[in-house]
Amino acid sequence: MKSIALAKSNFEQEYRQKLCTPAEAASIVKSGDHLCFPLGVGEPTLFVKALAARKRELEGVVVNQQHHLCPDYFTEDSVPHIKVNAWFTSHVSREAVQKGWADFVPNHFHEVPKLLREYWPVDVAGTVVSPMDEFGYFTCSLSVGYTMEAVKKAEKVVVQVNPHAPRTHGNCHIHISEIDHIVECNEPLKELQIPEISPVEEAIGQHLAEMIADGSCLQLGWGGIPNAVTRALLNKKDLGIHTELMSDGIVDLMLAGAVNNSRKNIHRGKALATFALGTKRLFDFMNENPMIEMHPVDYVNDPAVIGSIDNVVAINATIQVDLLGQCCSESFGHLQWSGTGGQADFARGANRSRGGKAFITTASTAKNGTISCIVPTLTPGASITTSKNDVDHVVTEFGVAKLRGQTAKQRAMNLINVAHPDFRGELMEAARRMNRI
């Protein structure tokens, strides 16, 4: 007992020695340094704001990150000082990428840790962590993703300790010996409120629920359609979770007893994710919850791992689908809107899974019904997120189109049948011109 008490005392002393202000932490960044921050609520905002405040003292600093929170250096005049390579744009970074003030890095989400290992230097890594335990460990909390790899590779590591950050289980721990600077923060974590479900999204959710059997293992994204799906699944039994994103909708399923992970053939009894977005209710539910594990994205999103799980159901959204089944889920023409994320990872993984199904969802129309989201060919410059070879089902409010294993002509007809009735005639005519029907 004495040795344990001594170790705890030593960890606490080391903690105090490494404690500093955000400005002191930001002062370690030098011109030409490469930095890496986690996605979403894992971003150490106090450190990032302190860094932005001294940007004019710096030249050629590069930030590698996915889905940013702090807008302070996403401006045209920041480029000579702090340049951002975005792996997935957010509302903060979108304009900067579109106007060329920031750059975009195409990637599959599960490959980001490997890209960090092999391509991108990391001089400084920063992340939000939960408070230290008696053994000297923090957890990456809500944003594991590629964080562990960045911390491992970095020359200097800065952690922002937040008592509101839930302590999570899984492969997500950082020891105080790996840390150089500690910043404390008591600000509430950034929440994403649950969006309202539209009638179109509710209809899509009902179609999906009819295709999901008891015992399925789910991957769900963020937004109205995933929320509609979770609402429609509350009476299902023995569902499992293996998903990149943990959300409030999954909490509802777990509390209702619909999710218990009892039929998973790996990680039985556990819901796995690599990051979380949502409300304080979600964060509190995840704190010290042994039913939820957070793991790095090169495990959670690895198509081979996903494919080893039986009855995977992957549900993702898209912007536009052409009559061959190619899905653009991340850009409007050449204008980058988001990124590939894990959509292709889970589409491919679900296709490998015994009994697996992959669904790409979209409303049939956009811009108040003036344009069809099912089109003869994608808009010029559009990025193909899920290829024609990986797409399995496409779902709109008008039904489910099965594409995997279908011919080009069968695909075209199946997609036209779930398009909005106002556009089916012109889609048929376009298909005839393309010899697709």
Taking all non-hydrogen atoms of both residues into account, name the closest pair between Cys172 and Val144 and its distance. CB-CG2, 3.5 Å
Between Ser387 and Asp390, does any side-chain donor sit less than 3.5 Å from a side-chain acceptor? yes
Donor-acceptor pair, Asp284 side chain versus Leu282 backbone, under 3.5 Å? no
Salt-bridge contact Lys49-Asp72 (side-chain N to carboxylate O under 4.0 Å): no
From Val313, Ile315, Val400, residue fulfilling side chain to side chain contact (heavy atoms under 4.5 Å, CB included) relative to Leu208: Ile315
Could you verify whether a donor N or O on one side chain and an acceptor N or O on the other, from Thr318 and Ser329, lie under 3.5 Å apart? yes
Under 3.5 Å, is there a donor-acceptor pair linking the side chains of His68 and Ser93? yes
Hey, is the main chain of Thr168 close enough, under 3.5 Å, to the side chain of Asn287 for a donor-acceptor pair? no
Arg117/Glu149 salt bridge by N-O under 4.0 Å criterion: yes
Given 3.5 Å as the limit, does a donor-acceptor pair link the side chain of His34 with the main chain of Val122, or not? no
So that I can tick it off, tell me whether Glu118 and Lys114 are bridged by a salt bridge, with the cut-off set at under 4.0 angstrom between side-chain N and carboxylate O. yes
Does Asp252 pair with Arg281 as a salt bridge, N-O distance under 4.0 Å? yes
To the nearest 0.5 Å, how far apart are OG1 in Thr230 and CG in Leu220? 7.0 Å
Determine the minimum heavy-atom distance between Glu14 and Ser177, stating which atoms define it. OE2-CA, 3.8 Å
Evaluate the ring planes of Trp120 and Trp87, with Trp represented by its six-membered ring, and classify them as parallel (under 30°), tilted (30 to 60°) or perpendicular (over 60°). parallel
Looking only at atom types and distance, does a side-chain atom of Lys270 sit under 3.5 Å from a main-chain N or O of Pro290, one as donor and one as acceptor? yes
Between His393 and His207, is the gap from one ring center to the other below 6.0 Å? no
Measure from the side-chain N and O atoms of Ser353 to the backbone N and O of Val312, and report whether any donor-acceptor pair falls under 3.5 Å. yes
Going by atom types only, do Gln160 and Thr127 share a side-chain donor-acceptor pair under 3.5 Å? no
For Ala258 and Leu234 the tightest heavy-atom approach is CB-O, 3.7 Å
Using a 3.5 Å distance criterion without hydrogens, assess whether the side chain of Arg54 forms a donor-acceptor pair with backbone atoms of Val29. yes
For the side chain of Ser216 and the backbone of Leu218, is there at least one donor-acceptor N/O pair under 3.5 Å apart? no
Can you confirm whether the side chains of Gln219 and Asn316 place a donor and an acceptor under 3.5 Å from each other? yes
What are the two closest non-hydrogen atoms of Val112 and Gln66, and how far apart are they? CG2-OE1, 4.4 Å
Check whether the side chains of Thr274 and Glu244 place a donor and an acceptor atom closer than 3.5 Å, and report yes or no. no
Look only at the side chain of His173 and the backbone of Gly170, and say whether a donor-acceptor pair between them is shorter than 3.5 Å. yes
Does any donor atom in the side chain of Thr385 or Glu330 lie under 3.5 Å from an acceptor atom in the other side chain? yes
Distance-only donor-acceptor check, side chains Gln320 and Thr379, under 3.5 Å: yes
Flag the pair Phe47 / His181 as yes when their ring centroid distance falls below 6.0 Å, and as no otherwise. no
Under a 4.0 Å N-O cut-off, is there an ion pair linking Asp133 with Arg167? yes
Classify the side-chain pair Asn162/Asn186 by whether it contains a donor and acceptor separated by less than 3.5 Å. no
Starting at OH of Tyr299, measure out to CE of Met294 and round the result to the nearest 0.5 Å. 14.5 Å
Under-4.0 Å salt bridge between Lys388 and Asp322: no
With a 3.5 Å cut-off and no angle check, do the side chains of Tyr146 and Gln65 form a donor-acceptor pair? no
Taking Gln343 for the side chain and Thr340 for the main chain, is one N or O donor matched with an acceptor at less than 3.5 Å? no
Verify whether the ring centers belonging to Phe398 and His420 lie closer than 6.0 Å. yes
Side chains of Thr75 and Asp77: do they bring a donor and an acceptor to under 3.5 Å? yes
Minimal heavy-atom distance between Ser364 and Glu397, with the atoms involved, is OG-OE2, 2.6 Å
Short side-chain donor-acceptor distance under 3.5 Å, His110 and Asp345: yes
